[in-house]
A.B. asks: 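Here's a structure for you.
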Amino acid sequence: MKTVIIGSNHAGIAAANTLLDNYPGNEVVLIDRNTNLSYLGCGTALWVGRQIDGYEGLFYTNKEDFIKKGAKIFLQSSVTNIDFDGKVVHFEDESGKATTESYDKLVLATGSKPIVPNIPGKDLDGIHFLKLFQEGQAVDHAMSSEDVKTVAVIGAGYIGVEIAEAAKRRGKNVLLFDAMPTSLASYYDPEFTERMDANLEKHGIELHFGELATEYKGDTRVTQLVTDKASYDVDMVINAIGFTANSDLGREHLDTFRNGAYLVDSHQKTSDDSVYAVGDSATIYSNALEATTYIALATNAVRSGIVAGHNIGGTVLDGIGVQGSNGISIFGYNMVSTGLSVAAAAKNNIDVDYTDYEDLQKPGFIKENGAVKIRIVYEKSSRRIVGAQLASTEDISANIHMFSLAIQEHVTIDKLKLLDIFFLPHFNQPYNYITMAALKAK
Ligand SMILES: Cc1cc2nc3c(=O)[nH]c(=O)nc-3n(C[C@H](O)[C@H](O)[C@H](O)COP(=O)(O)OP(=O)(O)OC[C@H]3O[C@@H](n4cnc5c(N)ncnc54)[C@H](O)[C@@H]3O)c2cc1C
Ligand SMILES: NC(=O)c1ccc[n+]([C@@H]2O[C@H](COP(=O)([O-])OP(=O)(O)OC[C@H]3O[C@@H](n4cnc5c(N)ncnc54)[C@H](O)[C@@H]3O)[C@@H](O)[C@H]2O)c1
């Protein structure tokens, strides 16, 4: 069996490793247009903000690792088209020569691309995106210039908030814009985002929410940002208004979701029996929504690659869906969420209630201690938990895994009320905030 994988970042790598490590004798070919593989974009802001010493550790594998395992790998090789009937992939290799690879099974792992704000001046110099390693390096390089004093970040989602922090850490004036009235509006309810917004402001980031960029001005380089409310002098712009699926190669042939992502089943198989799609290029099943959706996250990319690899290798393995669990840590303020916020539930016509609680993480006699705010969201009719959010200066990140499992397994809010949660003053309180929030539920 010969499997060709297009795209060798997190999803393609997971599919390749699953096949190579578990199914000897399978022929695996990886093709990617970039110069590198396995870049953890999640570390870009840490590097740009100088919270880590270098970017080298942001790669977790390389071309040689795959060659050692017996795979064929082509980097700097762009796939131009796929003959789905003849099962042949056409690409231009590193030397620019047109070449082909035939396949028995094909894995599309072509990921996502940043959404480009389609406004006048969008092609001026000094306007950046933050997806590829090279783009992260370009942002880093630009910030090293003394001439870059004011940075405008468009989009206060995960990338925008993280890079705004990094730019501030590099001593820049930072203006953060979003169409929504708060930061992180797709992940958290306002009672949580208002805390992150206060945190950003406290650290000197200028917030411009509910404000839409309408034009970038400048001669060859951007010098001004115009919005629907005002104009601002800027030296650099970073666009971070979300990703869309990169499904250019198969869109004509395969069934797709409303944003163009390849529609896949629980084996990651597309509408073509020989073709699988994984990671940001594909749809994913949300257990909170109980529907197919699109969530671009590295964690989903890895899991979906593993599922595809096993099914191609011959082990039937059903994906179990996701909750879209996510987290962020900005100037020491941590927020994690899973499933649906109250706002996201309303947007999806799911009738929910929620229960909030706030307390110190540890008993009052422990000095190093911070307040934790928790919200658990549950469906009114079934009482199943559909979401949770936590915010604190404490490391509350591991709590969210339990809520992720609760959503996956349709646990009701009532089941949480007397759940056995251990107590040790070093970590938590006997009246645990999870218990207290659940007991407070209507
Ligand atoms: C700045 C940043 C921070 C992030 N932080 C987090 C985080 O903290 N946690 C988290 O879970 N997720 C995070 N993400 C999201 C995560 O990086 C993506 O969800 C993940 O990269 C998706 O992996 P993928 O392999 O599906 O796609 P991609 O990473 O998009 O990779 C697709 C690959 O396909 C190749 N390709 C595309 N078209 C072709 C073609 N025609 N021919 C050949 N090759 C092609 C590309 O070169 C690329 O290497 C972050 C993303 C960014 C940009
Ligand atoms: N910590 C993490 O887990 C992490 C970090 C970075 C990225 N990611 C993932 O990578 C993907 C891309 O991240 P992202 O930050 O680009 O997307 P995002 O969806 O997190 O945020 C996009 C933001 O842009 C805003 N927006 C949309 N159109 C706009 C417009 N025209 N003008 C102003 N604002 C606009 C939205 O309201 C939203 O707040 C997401 O799936 C994200 O979850 C995750």
Side-chain angles (χ1 to χ4, degrees), residues 5-15 30-48 58 74-82 89-92 108-119 129-136 139 153-163 166 176-187 193 208-214 227-228 238-250 261 277-282 294-302 304-305 324-330 335-337:
I5 301 173
I6 308 175
S8 63
N9 213 19
H10 309 305
I13 288 169
L30 287 141
I31 309 171
D32 199 294
R33 64 185 173 198
N34 208 336
T35 50
N36 59 75
L37 59 155
S38 80
Y39 179 63
L40 288 167
C42 342
T44 302
L46 290 174
W47 162 236
V48 172
L58 299 178
F74 299 91
L75 294 186
Q76 297 176 74
S77 300
S78 203
V79 174
T80 46
N81 75 296
I82 301 163
V89 170
H90 294 258
F91 63 104
E92 279 181 12
L108 297 168
T110 48
S112 52
K113 41 190 179 184
I115 299 168
V116 182
N118 195 14
I119 57 177
F129 289 89
L130 212 56
K131 165 79 185 162
L132 305 175
F133 164 64
Q134 291 88 340
E135 291 167 333
V139 164
V153 178
I154 315 294
Y158 269 155
I159 293 181
V161 170
E162 287 175 353
I163 203 66
L176 179 60
F177 294 82
D178 202 288
M180 298 296 282
T182 68
S183 67
L184 307 176
S186 350
Y187 306 93
T193 54
H208 294 272
F209 295 154
E211 191 167 341
L212 266 184
T214 54
T227 73
D228 54 355
I238 302 170
N239 287 313
I241 63 166
F243 287 175
T244 187
N246 176 14
S247 55
D248 298 346
L249 292 169
V278 291
D280 283 7
S281 69
Y294 183 74
I295 306 173
L297 282 173
T299 48
N300 296 345
V302 169
S304 60
S325 301
N326 58 81
I328 191 162
S329 180
I330 300 293
M335 305 216 321
V336 287
S337 80

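Counting starts at 1 for both ligands and their atoms, in listed order.
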A.B. asks: Number the atoms of ligand 1 from 1 as they appear, then name those within less than 4.0 Å of a heavy atom of Asn246, with their elements.
C.D. replies: 37 (C), 38 (N)
A.B. asks: Considering non-hydrogen atoms of the protein only, which is the closest contact for atom 44 (N) of ligand 1, and what is the distance?
C.D. replies: Arg33 N, 3.1 Å
A.B. asks: Closest approach of Gly279 and Ser304, non-hydrogen atoms and distance?
C.D. replies: N-OG, 2.9 Å
A.B. asks: Counting heavy atoms only, which of Gly43, Ala109, Gly7 comes nearest to atom 32 (C) of ligand 1?
C.D. replies: Ala109
A.B. asks: Considering the heavy atoms of Leu249, write down every atom of ligand 1 situated less than 4.0 Å from one of them.
C.D. replies: 41 (N)
A.B. asks: Taking atom types as modelled, is there a side-chain donor on Tyr39 or Thr44 under 3.5 Å from an acceptor on the other?
C.D. replies: yes
A.B. asks: What's the shortest heavy-atom distance between Asp178 and Gly157, and which atoms?
C.D. replies: OD2-N, 3.9 Å
A.B. asks: For the residue pair Lys131 and Pro114, what are the closest heavy atoms and their distance?
C.D. replies: CB-CG, 3.8 Å
A.B. asks: Hey, is the main chain of Thr193 close enough, under 3.5 Å, to the side chain of Thr182 for a donor-acceptor pair?
C.D. replies: no
A.B. asks: Check each atom of ligand 1 against the heavy atoms of Leu297 and keep those under 4.0 Å away; list them by number with element.
C.D. replies: 10 (C), 11 (O), 12 (N), 19 (O)
A.B. asks: Suppose we call two aromatic rings close when their centres sit under 6.0 Å apart. Are Phe91 and Phe74 close by that rule?
C.D. replies: yes
A.B. asks: Among protein heavy atoms, which lies nearest atom 25 (O) of ligand 1, and at what distance?
C.D. replies: Ala11 N, 2.9 Å
A.B. asks: Any side-chain donor-acceptor pair under 3.5 Å between Asp32 and Ser77?
C.D. replies: no
A.B. asks: To the nearest 0.1 Å, how far is atom 12 (N) of ligand 1 from its closest protein heavy atom, and which atom is that?
C.D. replies: Ala298 N, 3.1 Å
A.B. asks: Looking at non-hydrogen atoms alone, which of Asp32, Leu30, Ile6, Asn34 comes nearest to atom 47 (O) of ligand 1?
C.D. replies: Asp32
A.B. asks: Using side chain to side chain contact (heavy atoms under 4.5 Å, CB included) as the criterion, list what pairs up with Gln134, not counting sequence neighbours.
C.D. replies: Asn34, Thr35, Asn36, Leu132
A.B. asks: Check for me whether Phe243 has a heavy atom closer than 4.0 Å to any atom of ligand 1.
C.D. replies: yes
A.B. asks: Looking only at side chains, do Tyr158 and Asn326 share a donor and an acceptor under 3.5 Å apart?
C.D. replies: yes
A.B. asks: Heavy-atom distance under 4.5 Å between the side chains of Ile328 and Glu162, does that happen here?
C.D. replies: yes
A.B. asks: What are the atoms of ligand 1, with element, lying closer than 4.0 Å to any heavy atom of Gly279?
C.D. replies: 26 (O)
A.B. asks: Identify whether the distance between the nearest side-chain nitrogen and carboxylate oxygen of Asp248 and Lys113 falls below 4.0 Å.
C.D. replies: yes
A.B. asks: For Ile295, is there any backbone N or O sitting under 3.5 Å from a side-chain donor or acceptor partner on Asn300?
C.D. replies: yes
A.B. asks: Considering only protein heavy atoms, which is closest to atom 1 (C) of ligand 1, and at what distance to one decimal place?
C.D. replies: Gly41 O, 3.4 Å
A.B. asks: Are any of the protein's heavy atoms under 4.0 angstrom from atom 42 (N) of ligand 1, yes or no?
C.D. replies: yes
A.B. asks: Considering only the protein, which heavy-atom contact is closest to atom 21 (O) of ligand 1, and what is its distance?
C.D. replies: His10 CD2, 3.2 Å
A.B. asks: Of all the atoms in ligand 1, which lie at a distance below 4.0 Å from a heavy atom belonging to Ile159?
C.D. replies: 1 (C), 2 (C), 52 (C), 53 (C)
A.B. asks: For a distance cut-off of 3.5 Å, show me each N or O of ligand 2 paired with any protein N or O, plus the separation.
C.D. replies:
from	atom 1	to	atom 2	distance (Å)
ligand 2	1 (N)	Glu162	OE2	3.2
ligand 2	1 (N)	Gly327	O	2.9
ligand 2	15 (O)	Tyr158	N	3.3
ligand 2	15 (O)	Ile159	N	2.8
ligand 2	16 (O)	Gly242	N	3.0
ligand 2	20 (O)	Tyr158	N	3.2
ligand 2	20 (O)	Tyr187	OH	2.6
ligand 2	34 (N)	Ala179	N	3.2
ligand 2	37 (O)	Asp178	OD1	2.7
ligand 2	39 (O)	Asp178	OD2	2.7
ligand 2	41 (O)	Ala296	O	2.8
ligand 2	43 (O)	Tyr187	OH	2.7

A.B. asks: Would you please determine whether Ala45 falls within less than 4.0 Å of ligand 1 on a heavy-atom basis?
C.D. replies: no
A.B. asks: Which ligand 1 atoms are under 4.0 Å away from a heavy-atom of Gly111?
C.D. replies: 26 (O), 27 (O), 28 (P), 30 (O), 32 (C)
A.B. asks: Number the atoms of ligand 1 from 1 as they appear, then name those within less than 4.0 Å of a heavy atom of Ala296, with their elements.
C.D. replies: 19 (O)
A.B. asks: List the closest protein heavy-atom neighbour of atom 23 (O) of ligand 1: residue, atom name, distance to the nearest 0.1 Å.
C.D. replies: Ala301 CB, 3.6 Å
A.B. asks: Tell me the closest heavy-atom pair linking Ala166 and Ala45, and the distance in Å.
C.D. replies: CB-O, 3.4 Å
A.B. asks: What is the closest protein heavy atom to atom 9 (N) of ligand 1, and at what distance does it sit?
C.D. replies: Cys42 SG, 4.1 Å
A.B. asks: Quick check on side-chain contact (heavy atoms from CB on, under 4.5 Å): which of Ile82, Asn246, Val278 does Leu108 satisfy it with?
C.D. replies: Ile82
A.B. asks: Side chains of Phe243 and Ile159: closer than 4.5 Å at any heavy-atom pair?
C.D. replies: yes
A.B. asks: Please say which of Thr227, Val153, Ile241 ends up in a side-chain contact (heavy atoms from CB on, under 4.5 Å) with Phe177.
C.D. replies: Thr227
A.B. asks: Which residue supplies the protein heavy atom nearest to atom 29 (O) of ligand 1, what is that atom called, and how far is it?
C.D. replies: Asn9 ND2, 2.8 Å
A.B. asks: If every non-hydrogen atom of Ser8 is compared with every non-hydrogen atom of Leu75, which pair is closest and at what distance?
C.D. replies: OG-CD2, 3.9 Å
A.B. asks: Which atoms from ligand 1 have a heavy atom of Thr299 less than 4.0 Å away?
C.D. replies: 11 (O)
A.B. asks: Between the candidates Asp280, Ile5, Ile295, which shows the shortest non-hydrogen contact distance to atom 22 (C) of ligand 1?
C.D. replies: Asp280
